[in-house]
Amino acid sequence: MTNNTSPRGLVISDLHVSVETEQGPKPILKGVDLTVRPGEIHAIMGPTGSGKSTLAYSLAGHPKYTITSGSAVLDGTELVGLSVDERAKAGLFLAMQYPVEIPGVSVANFLRTAKTAIDGQAPPLRTWVKDVNASLAQMQLDDEFSSRSVNEGFSGGEKKRNEIVQLDLLNPKYAILDETDSGLDIDALKVVADGVNRYAAQGDRGVLIITHYTRILRYIKPDFVHVFVDGHVVADGDESLAESLEETGYEKYLAANGGAAEGAVASQAGGSLA
Amino acid sequence: MTSPQPPQGSPLSSPVGASGRPAEVGSVSYLHPAGSFVVEDHAVPDRHVEMWRFSPLDALADFFDPAASRPAEETGAVSLTLAADRGAGEEAVDLLAGSPASLVAAPLAVGQAPRGTVLIPTDRVAAIAAAVPKAPHLVIPAGETLDAPVRVDITGHDCATIATAHLVIEAGADSSATVLLRHTGSARYIGDVEIIVGANAHLTVVSLQEWDDGAIHLGQHEAVVGANATYRHIAVSFGGQIVRLQNTVSYADEGGSAELLGVYFSDSGQHLEHRLFVDHNHPKGVSHADYRGALQGEGARSVWVGDVLIRPEAEGIETYESNKNLLLTEGCRANAVPNLEIETGEIVGAGHSASTGRFDDEQLFYLKSRGIDEAEARRLVVRGFFAAIIDRIAIPDVTETLMAVIDRELEAAAAAGTTTEPQENLS
């Protein structure tokens, strides 16, 4: 499936995704086209229920969503049809909005298991603990954090910082950040943004930030901004688009899309991830 | 049924049982019937008897017939061997041979104290085993601290006859020891274990059920905890077709502490049943029970019944009991029933919880989204589920065995194809 002649990138083409409801399958994504090249930072903005998170979770392979047509190709590898872990191994990472608790599994064990899975071999013992502690320190988490159970009893800020620790240590080719700014106070937001900027500064990584508000974009400067309404991209621009959204909101896009507001409300009711 | 009777020949002939348990009938309920050594005092149970309502009675029919079983030393179907390392190398002692040895006193006859002073059978099966002529008697001398576990290998050799045994473990005052009862092999076995924890002693009894497929193991473990003593009972059940253990604790005096931990893993067609009864019959005692089990495969069953009785005299006690079950596949069933009978409100605290949950697809998704494959993700979650208890067991030999068994069970399930990809999200 790998095509070495195609340029690198996360290339999403005419992606359609449905979610199963009691009334049958309900389309959420209605033809998403979006390309993230290495070294680029993209932001997707849109109203609640527009399908932003659905895009993130269906790319990662969440079983709740069914990709009905279209494709998502990561550096030549088609993600559609791959299992969740295969997508991660292909180079995709999703920083989740609501990271789940995994009682009894320590952060250290989890990180090491994930790193081993992604790299195909265990990380060298000599440097690994040092790397973990350095990564934690950058996120202003102390060494002791690694002995806690994954996300169990974490504050909202700790959960998000733990996501960025994983981003740092697993160092995927492409990272999707789903509302990583939600629930963060200003200090935590800066810490998280610094982490993302360090990752992006490598120059050959792609970042897709999904957000409701422009706040995080003051700290992570996007190269491209996309407006997402009713399951697809309705406008593209640069950073200035985010600024104008701050002033005008999504109203005109909703109106232009006709009936989209209704769709947004309905899909919001479809599930917490939608 | 009759109220507890002092065994014949016992120096204790007062109406108060040697366990310190008052012989008042008023506190006996359907949850904890009065004990009796007389087999016929315990009717052959049917499904309407509370204590047996979750048990596979058809498969156990022979166990209710006293004529169908024989003492282990007569049948040879089950052997009990002590292996203890007291610094001068390990020595193995055949406990059924009846010769005294280090840590082994002469076997106790029926009614010969301390035998029969603590364990008064509360069901027919336990009464049958309690009648064996000779009971091996382990003694941890007063004041002695044994660093290495005292291992008793209970090995099944054949299933033809039901073998019975009664083991007495006596930890002297101020002693400290761990006794590891390791059940392996193939047998139909009733094993009663009677445990006396002396004042200020620390005794841990681990009962490992690692039977081969097809084994059936029933019995009553009962302990009395001395003043300011610490008793830990750890039940680990993986093997066998049916395991059903009644685990009872009472107190000889004030300030005793009991910790009852359990881990089980029930596979297709297996029935693993743990019934607890903590009788707070003295003030200022503590009891904590925490059992966790995983089930997988068609017909996998587990039963956990926890009963705590706080008698009027048990002021200032503290108790908590908890049971958690994790259903790994369709087709398995866990019964969890916590009971609290509170006869005084003058206590520090009392609580209980029980839960049974399915495998969490969101946990799996999270782990897999980090590149961890399905089998490894399941292993992490299941090991994590048991970790809270395994950490508390804190006996390296046991925890290593446990982790290895958990991994093996999960691998076997994966090989048999009983694990399934997560279904559509549950929400």
Side-chain angles (χ1 to χ4, degrees), chain A residues 19-21 25 56-57 59-66 82-96 98-106 109-120 149-152 159 162-163 165-167 169-170 172 176 178 270-274, chain B residues 261 263 265 290-294 322 324-326 328 353 355-394 399 402-403 406-407 410 414 419-427:
Chain A
V19 63
E20 206 57 47
T21 70
Y57 283 85
L59 288 174
H62 194 285
K64 180 176 175 179
Y65 303 105
T66 308
L82 294 187
S83 66
V84 177
D85 56 302
E86 286 167 341
R87 297 180 198 209
K89 285 175 191 138
L92 187 70
F93 179 87
L94 170 60
M96 300 197 197
Y98 303 109
V100 297
E101 297 182 359
I102 308 179
V105 178
S106 70
N109 184 17
F110 165 61
L111 291 173
R112 195 167 188 285
T113 307
K115 183 69 176 170
T116 303
I118 294 282
D119 289 1
S149 289
V150 175
N151 293 317
E152 193 178 41
K159 283 183 182 171
N162 185 39
E163 295 292 284
V165 167
Q166 294 167 51
L167 173 68
L169 291 170
L170 302 180
I176 304 172
D178 183 33
S272 59
L273 298 177
Chain B
L261 303 176
V263 175
F265 204 124
D290 198 347
Y291 273 61
R292 290 194 183 191
S322 167
K324 286 187 179 160
N325 298 290
L326 185 57
L328 300 179
S353 68
S355 68
T356 297
R358 290 176 41 133
F359 216 91
D360 185 341
D361 291 347
E362 293 300 330
Q363 289 179 339
L364 280 185
F365 173 70
Y366 187 78
L367 293 169
K368 288 163 75 177
S369 77
R370 275 31 174 173
I372 299 167
D373 67 31
E374 170 92 15
E376 181 74 21
R378 293 177 77 91
R379 187 155 51 238
L380 275 176
V381 171
V382 174
R383 289 178 75 136
F385 170 75
F386 284 120
I389 289 199
I390 289 174
D391 289 350
R392 280 164 70 184
I393 290 174
T399 53
L402 259 172
M403 283 304 189
I406 289 168
D407 287 352
L410 288 171
T419 56
T420 50
E421 281 289 319
Q423 302 298 302
E424 286 296 301
N425 188 283
L426 295 172
S427 63

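By convention in this document, chain letters (A, B, ...) are assigned in the order of the sequence lines, proteins followed by strands, and residues within each chain are numbered from 1. The figures here come from the full heavy-atom set of this structure, side chains too, leaving out hydrogens, waters and symmetry mates.
- Heavy-atom distances place no part of A:E86 under 4.5 Å from chain B, backbone and side chain included.
- Put simply, of A:T113, A:V105, A:L111, A:T116, the one with the most heavy-atom pairs under 4.5 Å next to chain B is A:T113.
- Top candidate by heavy-atom pairs under 4.5 Å with chain B, chosen from A:S106, A:P172, A:S149, A:P103, is A:P103.
- Distance CG/A:D85 to CD/B:E376: 11.0 Å, rounded to 0.5 Å.
- For the residue pair A:A88 and B:S369, the shortest heavy atom distance occurs at CB-O, 3.3 Å.
- For the pair B:F365 and A:G61, the tightest heavy-atom approach, listed with the atom from each and the gap, is CE1-C, 3.8 Å.
- Remark: B:E362 CD to A:E101 CD distance equals 13.0 Å, nearest 0.5 Å.
- In this structure, the side-chain contact (heavy atoms from CB on, under 4.5 Å) partners of B:Y366, at least two apart in sequence or on a different chain, are A:M96, A:P99, A:V100, A:I102, A:F110, A:V150, A:N151, A:N162, A:E163, A:Q166, B:R370.
- A:K89 contributes atom NZ, which lies 9.5 Å from atom CD1 of B:I372 (distance to the nearest 0.5 angstrom).
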